[in-house]
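Structure, as structure tokens:
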Amino acid sequence: MKIASWNVNSLKVRLPHLTQWLADAQPDIVALQETKLEDAKFPVDELAAAGYRAVYSGQKTYNGVAILARDEPRDIITDIPGLDDPQRRILAASIGNLRVVDLYVVNGKAVGDEKYAYKLDWLAKVREFLAHELERYPNLVVLGDFNICPDDRDVYDPVAWGEDILCSPPERAGLKAITDLGLHDSFRLFEPGAEHYSWWDYRQAAFRRNMGLRIDLILIGEALKSAATAAAIDREPRRWERPSDHTPVTLELDI
DNA sequence: ATGGTTGAGAATCAA
């Protein structure tokens, strides 16, 4: 069982990349972020032709999340209970014996900005939701664009980046409060080293110079830890013409 | 501190 997460930065533009990558990588489950598509415009038929069922929660221009799966997704949730939020950033579904929660965490713009306050509040509410999900579904996978570097190994230049947005201590504490529920950063079960990134800015030839951040994560509950057999970041699609600024991250589970 | 690049959608906003 191969699970993936990819911020595609417009599914309309990136659909050819996505279908190519699905054919190459053969994932069983894929969480997408920044689809930037209203639900009525979701490419259901194209993805069905590729062998995937889809659930999605989108909006025009911004945000938007989707889960693709070989098997039928069930028990779908598109909102954090009790949070009235027009921004389409969360999608939960059961697939087989897994519970999958796709997150497009708020970027936050800059430390101190009102969007930053929204980010921290949103993270705290997601944590409460995930605590309940984990009680109900031990086989929990929480994946997506977290817009937070877990620690300095995940930043190309931690000195220059300092405590700016994506690396600030309150954001990292918000992420740690989630992993402290018993959710493991699966990539770090296999690779302890630095210089592994999932996002590179479009500017300043950042990808060519490997000036990146690792902000796309696949977290797994304790019950799944022993089933994890491999984790990777597939840099190949970032090399393709007109790429997303993010590249897919993957996890293999022996279940 | 600013700018650089991309996407959406038609001038900026978001990342």
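Throughout, protein chains are lettered first and strands after them, A, B, ... in sequence-line order, and every chain is numbered starting at 1. When reading the values below, keep in mind they use all heavy atoms of this one structure, side chains included, and skip hydrogens, waters and symmetry mates.
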Would you find a donor on one side and an acceptor on the other, under 3.5 Å apart, between the side chain of A:Y202 and the backbone of A:P243?
-> yes
Should the pair A:K125-A:D79 be classified as a salt bridge under the 4.0 Å nitrogen-to-oxygen rule?
-> no
A:K2 atom NZ: more than 12 heavy-atom contacts under 6.0 Å | yes
Polar side-chain atom of A:R14 near backbone of A:V8 as donor-acceptor pair, under 3.5 Å | yes
Enter the distance from A:S244:OG to A:L18:CG here, rounded to the nearest 0.5 Å.
-> 11.0 Å
Per nearest nucleotide of DNA chain B, the residue lying toward the 5' end, A:T35 or A:N147, is A:T35
Which residue lies more 5' along DNA chain B, comparing A:V106 with A:T61 via nearest heavy atoms = A:T61
How far, in whole Å, is B:dT2 from B:dG7 if one measures between their P atoms?
-> 25 Å
Excluding sequence neighbours, so at least two apart, what forms ring-ring contact (aromatic ring centres under 6.0 Å, His included) with A:Y137?
-> none
Under 4.0 angstrom, heavy atoms only, what part of the nucleic acid is A:K109 near: base, sugar-phosphate, or nothing?
-> nothing
In whole angstrom, give me the gap between the C1' atoms of B:dG9 and B:dA14.
-> 13 Å
Spell out, yes or no, whether A:L251 and A:V100 are grouped together once hydrophobic residues are joined by side-chain heavy atoms under 4.5 Å, including indirect joins.
-> yes
Counted 5' to 3', the first and last nucleotides of DNA chain B within 4.0 Å (strictly under) of a heavy-atom of chain A are B:dG3 to B:dA15
Over 60° means perpendicular and under 30° means parallel, so classify the ring planes of A:H246 and A:W199, tilted if in between.
-> tilted
Scan residues 197-216 of chain A against DNA chain B and write down, sorted by residue number, each residue with any heavy atom closer than 4.0 Å; if none is found, say none.
-> A:Y202, A:R203, A:Q204
Pick the P atom in B:dA1 and in B:dT6, then give their distance to the nearest Å.
-> 26 Å
Looking only at atom P, what distance separates B:dG3 and B:dA8, rounded to whole Å?
-> 24 Å
Does the ring center of A:W21 lie less than 6.0 Å from the ring center of A:W6?
-> yes
Pairwise P distance, B:dA10 and B:dT5 [rounded to whole Å] | 24 Å
